[in-house]
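For reference, the structure discussed in these notes is given below.
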Amino acid sequence: MENKETVIVLDFGGQYNQLIARRVRECNVYCEILPYTVDIQKIKEINPKGIIFTGGPNSVYDEASPHYTPEIFKLGIPILGICYGCQLMAYSLGGKVVSATDNSSSEYGKTATKYNTEDILFNGITQGGISWMSHRDYISEAPQGFEVTAKTEVCPVAAMSCADKKLYGVQFHPEVNHTENGKEMLKSFLYNVCECKGEWKMESFIDATVAQLKEQIGSKGVVLGLSGGVDSSVAAALLSKAVGKQLTCVFVDQGLMRKDEGDFVEQTFTKLFDMNFVRINCQDEFLSKLKGIQDPEEKRHIIGTEFYKVFWNKIRENYGEGYFAQGTIYPDRIESGKGDAAKIKTHHNQVGVPDDINFAGIIEPLKDLFKDEVRAVGEKLGLPHELVWRQPFPGPGLGVRVIGEVTAEKVRILQEADAILRDEMDKCGYAENMSQFFAVLPGVKTVGVMGDARTYDELVAIRAVTTDDFMTADWAKIPYEILGRVSNRIINEVEHVNRVVYDITSKPPGTVEWE
């Protein structure tokens with residue numbers, strides 16, 4: 001969408017930076033996250049409808065903490081400061097920010113808050129409500145020209161505004177679900193202060209992107225590495241809509257996917273879409289490389305290296321021309337480092353092209369979308385529900401859900417157990433209550449009694465979590481009767497399993513995956 005109205009989320013190191021951006025987009029307004037190191041000239045060039053300062057872990061009066069030039073407040077662009085961003089606004093404009101000498105002025109979690117409902121941010125909501133606080137420093141005095149618009153029992157400036165300059169600040173986090181009416185507050189800022197029109201919608205995105213892809217690709221071919229995950233699948237569907245048979249999807253089936261998943265991927269893309277689909281079945285090669293390997297990081301390295309070796313060898317045979325497409329989405333680009341931000345990880349959706357393969361360019365049709373937006377596009381393009389809402393799946397597949405050495409027999413056992421778990425969750429309707437659930441083969445054998453005979457066979461563990469963002473997660477409280485059915489079926493239907501256990505560890509201290 002060319003010339004789309006944009007809101008900038010200026011990131012000062014807040015843990016909720018992506019959540020803020022997602023909430024803005026849920027209001028049908030496009031936004032981009034930029035690091036606090038971005039030059040103000042770039043902001044002027046973007047000419048955003050509004051700017052949101054994120055939270056951050058620092059104290060504004062610490063010289064080493066992230067700051068921004070006060071010139072930004074003179075651009076005439078509406079600004080909303082959240083938590084640290086609110087404190088930075090107050091500090092930069094002459095207000096007072098102090099550190100609590102004890103815990104009496106610190107606030108963490110759900111906090112009763114009183115709002116001035118005559119203020120444009122809070123108009124239409126109740127005068128009293130719950131907000132989500134997370135701060136030790138606080139604003140003791142708002143800058144000159146600002147009105148205090150919200151208070152708590154211990155926070156004298158829980159929100160402030162200077163309507164004439166369109167500057168607003170909230171000490172709490174309206175972007176989190178715990179803040180009552182938080183989305184309405186953000187919407188008021190976007191529509192009533194920034195005067196956004198709300199033109200960021202997936203139907204418009206699809207039409208504009210398809211037109212742009214047609215123009216860019218022309219008569220050339222496009223190659224996409226299709227993993228069967230949400231991102232690459234939606235990218236494939238979008239490219240197919242744009243260029244049809246000019247698209248070739250290469251699907252490397254390393255034999256470490258869930259039961260029948262490879263067949264499902266092939267049937268989906270050969271029946272529903274106009275494209276060339278190439279499937280490479282290579283489980284034996286992968287298992288031979290993994291023989292005797294116990295260390296999880298070594299397994300990850302081997303699986304990743306072998307995957308790209310197989311993929312690029314196929315490209316060298318037939319497809320080393322035209323464009324190379326990837327399922328990169330917006331969080332992939334953020335996580336891979338922007339500005340002077342620390343590089344957290346290079347995401348698996350961002351692949352380096354070997355020097356001996358010369359593509360005309362790299363195409364990333366989903367590079368500006370968050371995961372929920374990618375799913376919305378997938379549904380509108382007609383992808384099956386079970387693919388669009390596919391749960392997160394590790395890049396190395398079942399290779400890191402089989403603890404220890406990976407063998408064909410262990411993969412078979414895990415695939416069967418996992419399929420039973422999924423079948424039961426789908427049949428009882430409980431799958432919708434969880435963010436992720438799967439089976440693990442820990443590589444532990446236990447004593448059992450089956451058919452009046454002593455057994456010494458495999459243990460299967462079940463892992464299920466609920467979460468909003470996967471930064472933290474709680475173990476899912478699956479009803480006992482459902483767990484009982486799953487356990488009975490796995491033990492009775494999967495050969496060489498005699499015990500099932502349930503993992504009740506939250507994140508932290510555990511991680512979602514076992515390896």
Side-chain angles (χ1 to χ4, degrees), residues 228-230 255-261 264 294 296 299-300 386-387 389-450 455-515:
V230 179
L256 300 175
M257 301 181 75
R258 289 174 284 220
K259 184 179 179 181
D260 300 329
E261 203 161 36
F264 171 67
Q294 301 274 343
K299 287 194 294 182
R300 288 177 183 274
E386 55 267 43
L387 197 158
W389 291 96
R390 185 180 191 257
Q391 293 181 359
F393 192 62
L398 300 182
V400 290
R401 289 182 181 171
V402 171
I403 311 302
E405 182 184 9
V406 182
T407 67
E409 176 65 3
K410 289 180 180 179
V411 171
R412 180 198 66 78
I413 291 172
L414 184 54
Q415 285 177 331
E416 296 292 340
D418 190 76
I420 290 171
L421 172 64
R422 295 186 174 282
D423 182 54
E424 284 297 326
M425 293 302 167
D426 287 339
K427 284 196 300 189
C428 71
Y430 202 79
E432 301 297 325
N433 297 336
M434 296 176 289
S435 304
Q436 192 174 2
F437 58 91
F438 54 88
V440 179
L441 196 66
V444 175
K445 290 193 174 183
T446 69
V447 175
V449 178
M450 300 177 71
T455 63
Y456 190 62
D457 264 328
E458 299 285 352
L459 174 151
V460 166
I462 296 170
R463 178 68 161 147
V465 299
T466 59
T467 179
D468 288 330
D469 54 16
F470 284 93
M471 294 173 64
T472 61
D474 194 13
W475 60 277
K477 312 305 188 288
I478 301 175
Y480 291 154
E481 59 269 24
I482 299 176
L483 287 172
R485 287 199 300 272
V486 172
S487 176
N488 287 335
R489 282 194 60 190
I490 290 175
I491 290 171
N492 283 282
E493 297 177 29
V494 183
E495 190 178 3
H496 298 306
V497 175
N498 68 357
R499 191 181 300 268
V500 175
V501 298
Y502 186 47
D503 181 351
I504 58 169
T505 312
S506 296
K507 175 187 179 182
T511 56
V512 175
E513 296 289 344
W514 277 38
E515 279 194 342

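Residue numbers run from 1 in the order of the sequence given.
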Can you tell me how far [atom2] of [Y] sits from [atom1] of [X], rounded to the nearest 0.5 angstrom?
X      : Y      : atom1 : atom2 : answer
Leu459 : Ile491 : CG    : CD1   : 9.0 Å
His496 : Glu458 : NE2   : CD    : 9.0 Å
Ile478 : Met434 : CD1   : CE    : 4.5 Å
Ile403 : Gln294 : CD1   : CD    : 10.5 Å
Ile462 : Asp503 : CD1   : CG    : 10.5 Å
Asp418 : Met257 : CG    : CE    : 12.0 Å

(request) Could you walk me through whether Phe264 and Glu386 pass side chain to side chain contact (heavy atoms under 4.5 Å, CB included), step by step? (result) CA-CA 10 Å; Phe264 171 67; Glu386 55 267 43; 3.4 Å; yes
Counting C-beta onward and ignoring hydrogens, is there a side-chain heavy-atom pair between [X] and [Y] closer than 4.5 Å?
X      : Y      : value
Arg485 : Lys427 : no
Phe393 : Leu398 : yes
Arg258 : Gln415 : no
Lys507 : Val465 : no
Glu495 : Glu416 : no
Pro396 : Glu515 : no
Asn492 : Met450 : no
Arg489 : Asp423 : yes

So, for [X] and [Y], which heavy atoms are closest and what is the spacing to 0.1 Å?
X      : Y      : value
Tyr430 : Lys477 : OH-O, 3.0 Å
Val486 : Ile420 : O-CG2, 4.3 Å
Ile482 : Cys428 : CD1-SG, 3.6 Å
Ala439 : Leu421 : N-CD2, 3.9 Å
Thr472 : Pro508 : CG2-CD, 4.2 Å
Leu483 : Tyr502 : CD1-CD2, 3.9 Å

(request) Show the numbers, then the answer: is there a side chain to side chain contact (heavy atoms under 4.5 Å, CB included) between Thr466 and Asn433? (result) CA-CA 8 Å; Thr466 59; Asn433 297 336; 5.9 Å; no
(request) For the pair Lys299 (side chain) and Val400 (backbone), establish whether a donor and an acceptor sit closer than 3.5 Å, ignoring hydrogens and angles. (result) no
(request) Kindly say whether Thr505 contributes a backbone atom to a donor-acceptor pair with the side chain of Arg463 at under 3.5 angstrom? (result) yes
(message) Around atom CD of Glu432, are there more than 12 heavy atoms from other residues, nucleotides or ligands closer than 6.0 Å?
(response) no
(request) Using a strict 4.0 Å threshold on nitrogen-to-oxygen distance, state whether Glu261 and Arg390 make a salt bridge. (result) yes
(message) Under 4.0 Å between a side-chain nitrogen and a carboxylate oxygen: does that hold for Arg401 and Glu513?
(response) yes
(message) Among Thr446, Val444, Val460, Thr455, which residue satisfies the side chain to side chain contact (heavy atoms under 4.5 Å, CB included) criterion with Arg499?
(response) Thr446
